[in-house]
Amino acid sequence: MEESSAKAEQVLENVLETVLHFLTSRRDRNAASLVCKSWYRAEALTRSDLFIGNCYAVSPRRATGRFPCLRSLNIKGKPRFADFDLMPPDWGAHFSPWAEALAQSYPSSLRSLHLKRMSLTDGDLTLLSHSLPLFQDLLLTSSEGFTTAGLAALASNCALLRVLDLVECLVHVHDDVVDWISSFPDTHEHTRLESLVFDCVDCPVNFDALERLVARSPSLRRLRLNRYVSMAQLHRLMHRAPHLTHLGTGSFSASELDPEPDYASAFAASKSLVCLSGFREIWPEHLPAIFPACANLVSLNFSYADINADQLKSVIRHCHKLQTFWVLDSVCDEGLQAVAETCKDLRELRVFPVNAREEIEGPVSEVGFEAISRGCRKLQSILFFCQRMTNAAVVAMSNNCPDLVVFRLCIIGRYRPDAETQEPMDEGFGAIVMNCKKLTRLAVSGLLTDRAFGYIGTYGKLIRTLSVAFAGDTDLGLKYVLEGCPNLQKLEIRDSPFGDGALRSGLHHFYNMRFLWMSSCKLTRQACQEVAQTLPHLVLEVINSEEHKADDIGILYMYRSLDRPRDDAPKVVTILH
Amino acid sequence: MESSVTYENDLNLKATELRLGPPGTEEEKSVPAPAAVRTHKRPLNETSEECTSKGSNAKHGAAPPPKAKIVGWPPIRSYRKNSLQENEGAGTYVKVSMDGAPYLRKIDLRVYGAYTQLLKALENMFKLTIGEYSEKEGYKGSEYAPTYEDKDGDWMLVGDVPWDMFVTSCKRLRIMKGSEARGLGCGV
């Protein structure tokens, strides 16, 4: 009798594990793991992809202990405001403890690693390359600490390397640069490479080795070059890899008088190209070369190309299929109008400033912004830097683009009101949260009163990420948000007059959040201490400079954690408890 | 309370910059309106349309001093800032290309006090002679002519406008060679 019930239980567990294999969404898996102990166990055994949104929320040991069979791991480290030099450079997010744990726990299963805003050493990369024979995919975003020596180790030792993507990383290239491209085994065998992205590795590469590498990588589909690759060299690489889907063009700026290769035919021959980027030192006279590829483009990144309206128009009028477009404001409102006329399928737009000073007039404004909203009705995500904006234009976008999921408007001049009415920008942002019912990410700017936050708290029910800077009047502003937004996970605030009362109003919600960042606000140490004592699983990090009095809070970075507070913090960080 | 935590380097190049005026004169920060100064716009192939500039910005109420450097604002990644090498007053870097040369160069215009110094630097950088400038005939005595693209997108001959105005309006330089260069020398 007992034996058959034990067998039945075993069958049930097998069935459960088999079924759970099909469950891929991490939210579903998290929910499944909470059903009961046997579901927890089965889920843990079958989870192959692990996402850790904050590297300090859980220790490496706890993660590897729970999940014995990981194939891929995605870890995020520093909070986003670290990108803007607001954190000390040695703050943390060190990958080394994770590297050691992974090498020990997953030598025969881990294939893929994605790190964002982490600090890695060459030693970490070398360890991985030696310990993980099945390692295929490495994607490093906004990370730093490693050099070309670490890249060389990966190239040498990872025989199955398929993806090596370095996106906006700070790679130290000043002393002892290693010729890492030559470290790929230079044999006659084909490599498995599908993606090689190194536009942020800011040092010359051995072009001959690169060309040979590309020539023996028949699976290569994504190639993003750095600015040390000239147009003539780009032409040769395109000839070697005519099946590329994603191309980062490098400098796009050499010019040889005689003979000049036919760049346009190279782009015409690359019939699979759907994504173009690069243009790091663009010589606009060469723009016509890309015309043959424009009709197929789904994604175009001109955000390092200082081109004017006419130059943009010559390109964009061919780009009917464009869905993602990043550009500099040098194209002016006129350029944006051209985008609006042609790119009816546009989903994501980012407009970056060439000149980020606060007191200049700026080449883009509410005119181009509104034109985009009228022309690109399917817009889902926008990041827009400008020097002037009006509520009317923002309201117009809220009505014209109801599918917006991400709305990030940065009026560069702090506390700038509506350029026409001189009113605060409350109504514009209010309309966005009211009308864009799918909105999950919002960044606000300009002159804003508590009223704007009232709108956010009332209507922003799906908002997960909110960025606030130089805004609001009183504690009420932050209270509205903390009390009104049940899905809020990431809240970053700087230079706004929110204090202790506002902080306390979020006590009911802080365990649901990934983090809270408040810098140069009106918090006191005492209030933070209270929060730390009330909620023991919260880690409150305080970073002050010498100018701060002991009671003031320079930066509060607060996050939930399952484990004890970290012990790798630099001296300038105080952890409250 | 403003954030005073700074983790950036701040080069004070202003202390060492060369200027034309006598010591103690205020440095001109604004570009004079184009209508007020006669400019020799010598024709070239492409002329880009002027970006329509907006009417003057209304002043906002409680504005902090405009020149105060705020750390981390606007929120643009240092990676992007470094790549663009934007002009923050700590230098006016412009790209220099020469017809036939495979790579662009970059120079800081504020390092030079006058056209003669700039031209000499270009001659050294590219190992060539540029010749003598004359208002009527452009550059005589060599097959090279230094040109620049100004803020309006027009291509001008280097030397046509006063030095200070040139520094603030020059977006990039191109050393032209051959017949194109000679064509520039003939009057408007």
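Convention: sequence-line order gives letters A, B, ...; per-chain numbering from 1.
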Which portion of [X] sits near chain B, non-hydrogen atoms under 4.5 angstrom:
X      : result
A:S467 : neither
A:I411 : backbone
A:F385 : side chain
A:C200 : both

* A:R388 bridged to A:E420 by N-O distance under 4.0 Å ->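 A salt bridge is present here (some side-chain N lies under 4.0 Å from a carboxylate O).
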* Lys/Arg-Asp/Glu bridge criterion (N-O < 4.0 Å) met for A:E144, A:K78 ->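 Looking at A:K78 together with A:E144, the answer is yes, because their closest N to O distance falls below 4.0 Å.
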* **Largest heavy-atom contact set with chain B, pairs under 4.5 Å, which of A:R80, A:E281, A:R227** =>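 Most heavy-atom pairs within the cutoff with chain B belong to A:E281.
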* Asked: Among all residues two or more places apart in sequence or in another chain, which pass the side chain to side chain contact (heavy atoms under 4.5 Å, CB included) test with A:D329?
  ->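 Residues passing side chain to side chain contact (heavy atoms under 4.5 Å, CB included) with A:D329: A:V351, A:P353, A:V354, A:P363, A:V364.
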* Asked: Can you name the side chain to side chain contact (heavy atoms under 4.5 Å, CB included) partners of B:N124, sequence neighbours left out?
  ->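 Side chain to side chain contact (heavy atoms under 4.5 Å, CB included) check on B:N124 returns nothing, list empty.
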* Relative to the ring of B:Y115, is the ring of B:F166 parallel (under 30°), tilted (30 to 60°) or perpendicular (over 60°)? ->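 Answer is tilted, since the angle falls between 30° and 60°.
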